Amino acid sequence: MKKRNLIISIMLMTMLVLAACGQAKESSTSSKDSTKASKDVIEINYNDLAPPTHPYTKQVAEPWAKFVEEETNGRVKVHVFPSSALGKPDTGYDDISGDVFDVGLLYASSDKNDILFPLSIGDLPFAIPNSEVAVKVMNKFQAKFMKDTFKDVVWLGASSTDTAQLYTSDPINTVKDIKNRKIVNSLYSRNELIKLWGAAPVSIDNSQLYESVEKGMADDIIYNTTGAIGFNLNEVAPYMTRIDLGVSSNGLFLNANVFNKMPKDLQKLFVEKLGPKHQELMSELYMSSMQNSIKEFEKRVQDKGGKVITPSSDELNKFKAPAKKLWDNWVAEANKKGYPGDEMMKYFKQQLKDEGVEIPF
């Protein structure tokens with residue numbers, strides 16, 4: 001009997017030990033799975049509209065991607081695709097909201113999706129003079145009039161290029177000199193102004209700016225100063241007429257599906273720190289580089305007989321005068337679309353005044 005009891009006791013102890021080991025193994029496996037899940041990396045694709053060597057790619061897109069990875073401790077990795085590899089400016093909103101790419105700049109005046117229309121106010125000719133003003137004015141404008149507009153994308157902040165100039169294959173000193181010339185322009189909203197100058201607008205993708213003049217499809221180009229250097233426009237258009245036409249305003253957007261799947265701490269980080277960092281990099285690039293880019297342009301065209309032309313005050317006013325029609329048309333179009341156009345324009349002008357900008361109209 002004693003021997004039988006001893007055997008039973010040993011069997012019970014063995015079963016208990018095996019059960020304990022099984023629980024320990026299951027717990028260990030569960031712990032490993034949990035650790036693996038917590039270390040999953042969120043990978044997002046950034047559609048960069050500029051070429052690989054462009055200042056925007058080197059001083060904004062790539063540094064921002066690195067900043068995101070560092071600030072999230074590697075939990076988010078940004079893959080930068082330059083040269084509009086994932087989508088063109090005119091389909092930006094549909095591409096990002098439709099999961100074609102995850103993050104990138106959208107340009108209201110170039111995008112075919114009408115949802116961005118109110119933001120196109122920032123592209124009115126001779127309105128916003130630089131990227132620093134664009135960030136302040138357009139963020140306030142978006143918060144007041146478009147706070148609850150976007151459902152498929154997440155707004156991460158306003159930014160812009162520096163102001164646009166006129167790059168030409170022949171010297172242009174006056175508005176009369178530009179008559180009947182073909183001018184490439186990347187913002188559709190400026191086409192009407194080009195017509196009012198007596199010239200013909202040619203709307204093409206940024207990647208074809210150089211080629212358009214080189215192959216005779218256009219005579220001149222309207223583009224921002226830093227971007228012009230990045231695209232080597234001086235090689236085909238060795239004259240710059242300084243008209244300070246205004247910036248190309250834009251906004252950084254993130255796909256809502258990607259954003260909503262993020263943990264709350266990452267969502268907060270993107271809105272409060274990562275988005276503003278992108279604005280900061282944009283402003284640093286375009287505020288500091290404008291004058292340097294003009295000097296670099298002069299340096300590059302010296303041997304070709306090119307130069308920078310600064311119109312007289314009276315002549316510059318002749319370039320500006322027709323633009324009033326575009327400001328009036330914007331208000332009318334906003335009202336037609338159901339927006340409070342007059343209120344929007346009044347607010348926009350007041351924000352410009354608060355930033356020390358002289359309102360042209």
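The figures here come from the full heavy-atom set of this structure, side chains too, leaving out hydrogens, waters and symmetry mates. Everything numeric in this text was worked out from a predicted model, so none of it was measured.
Ring centers of Phe361 and Phe126: at least 6.0 Å apart, outside the cut-off. Here the two rings, on Phe117 and Trp330, have centers that are under 6.0 Å apart. Aromatic ring centres of Tyr167 and Tyr239 lie farther apart than the 6.0 Å criterion allows.
Using a 3.5 Å distance cut-off with no hydrogens or angles, the side chains of Asp102 and Asn255 do not pair a donor with an acceptor. No donor-acceptor contact under 3.5 angstrom links the side chains of Asp152 and Ser97, judged on distance only. Checking Ser189 against Ser120 by side-chain atom types alone, no donor-acceptor pair falls below 3.5 Å.
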Evaluate the criterion side chain to side chain donor-acceptor pair (under 3.5 Å) for residue pair Asp354 and Gln350; output intermediate values, then yes/no. CA-CA 6 Å; Asp354 290 347; Gln350 185 58 55; 2.9 Å; yes
Walk me through it: do Asp123 and Ser249 pass the test side chain to side chain donor-acceptor pair (under 3.5 Å)? CA-CA 6 Å; Asp123 295 318; Ser249 64; 3.0 Å; yes
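Taken to the nearest 0.5 Å, the NZ atom of Lys179 stands 11.5 Å off from the OG1 atom of Thr174.
Between Asp114 and Lys337 a salt bridge is recorded (basic side-chain N to carboxylate O distance below 4.0 Å). With respect to the salt-bridge test (charged N to carboxylate O, under 4.0 angstrom), the residues Asp48 and Lys58 do not qualify.
Between Phe141 and Phe348, the ring planes lie perpendicular to each other; the angle is over 60°, past the 30° to 60° tilted range. Between Tyr56 and Tyr46, the angle of the ring planes lies from 30° to 60°, which puts this pair in the tilted group. Using cut-offs of 30° and 60° on the angle between ring planes, the pair Phe150 and Tyr93 is tilted.
Pro51 and Thr57 get closest at one heavy-atom pair: O-OG1, 2.6 Å. Smallest separation of non-hydrogen atoms from Val301 and Lys307: CG2-N, 3.7 Å. Of all non-hydrogen atoms in Val78 and Ala65, the two that sit nearest each other are CB-CB, 3.7 Å. Taking all atoms of both residues into account, the shortest heavy-atom contact from Trp64 to Leu274 is NE1-O, 2.7 Å.
Open room surrounds CD on Glu358; 12 or fewer heavy atoms of other groups in view lie less than 6.0 Å from it. For NZ of Lys353, the number of neighbouring non-hydrogen atoms (other residues, nucleotides, ligands) closer than 6.0 Å is 12 at most. Taking a 6.0 Å sphere around NZ of Lys304, one finds it holds more than 12 heavy atoms contributed by other residues, nucleotides or ligands.
A distance-only check finds no donor-acceptor pair linking the side chain of Asp328 to the backbone of Lys325 [under 3.5 Å]. At distances below 3.5 Å, at least one donor-acceptor pair connects side-chain atoms of Ser312 with backbone N or O atoms of Glu315. A donor-acceptor pair is defined here as one N or O able to donate and one able to accept, closer than 3.5 Å; such a pair exists between the side chain of Ser169 and the backbone of Asp219. Judged by distance alone, with hydrogens and angles left aside, the side-chain atoms of Thr168 form a donor-acceptor pair with the main-chain N or O of Asp170 at under 3.5 Å.
The cationic atom of Lys277 (NZ for Lys, CZ for Arg) lies less than 6.0 Å from the six-membered ring centre of Phe67 and within 45° of the ring axis.
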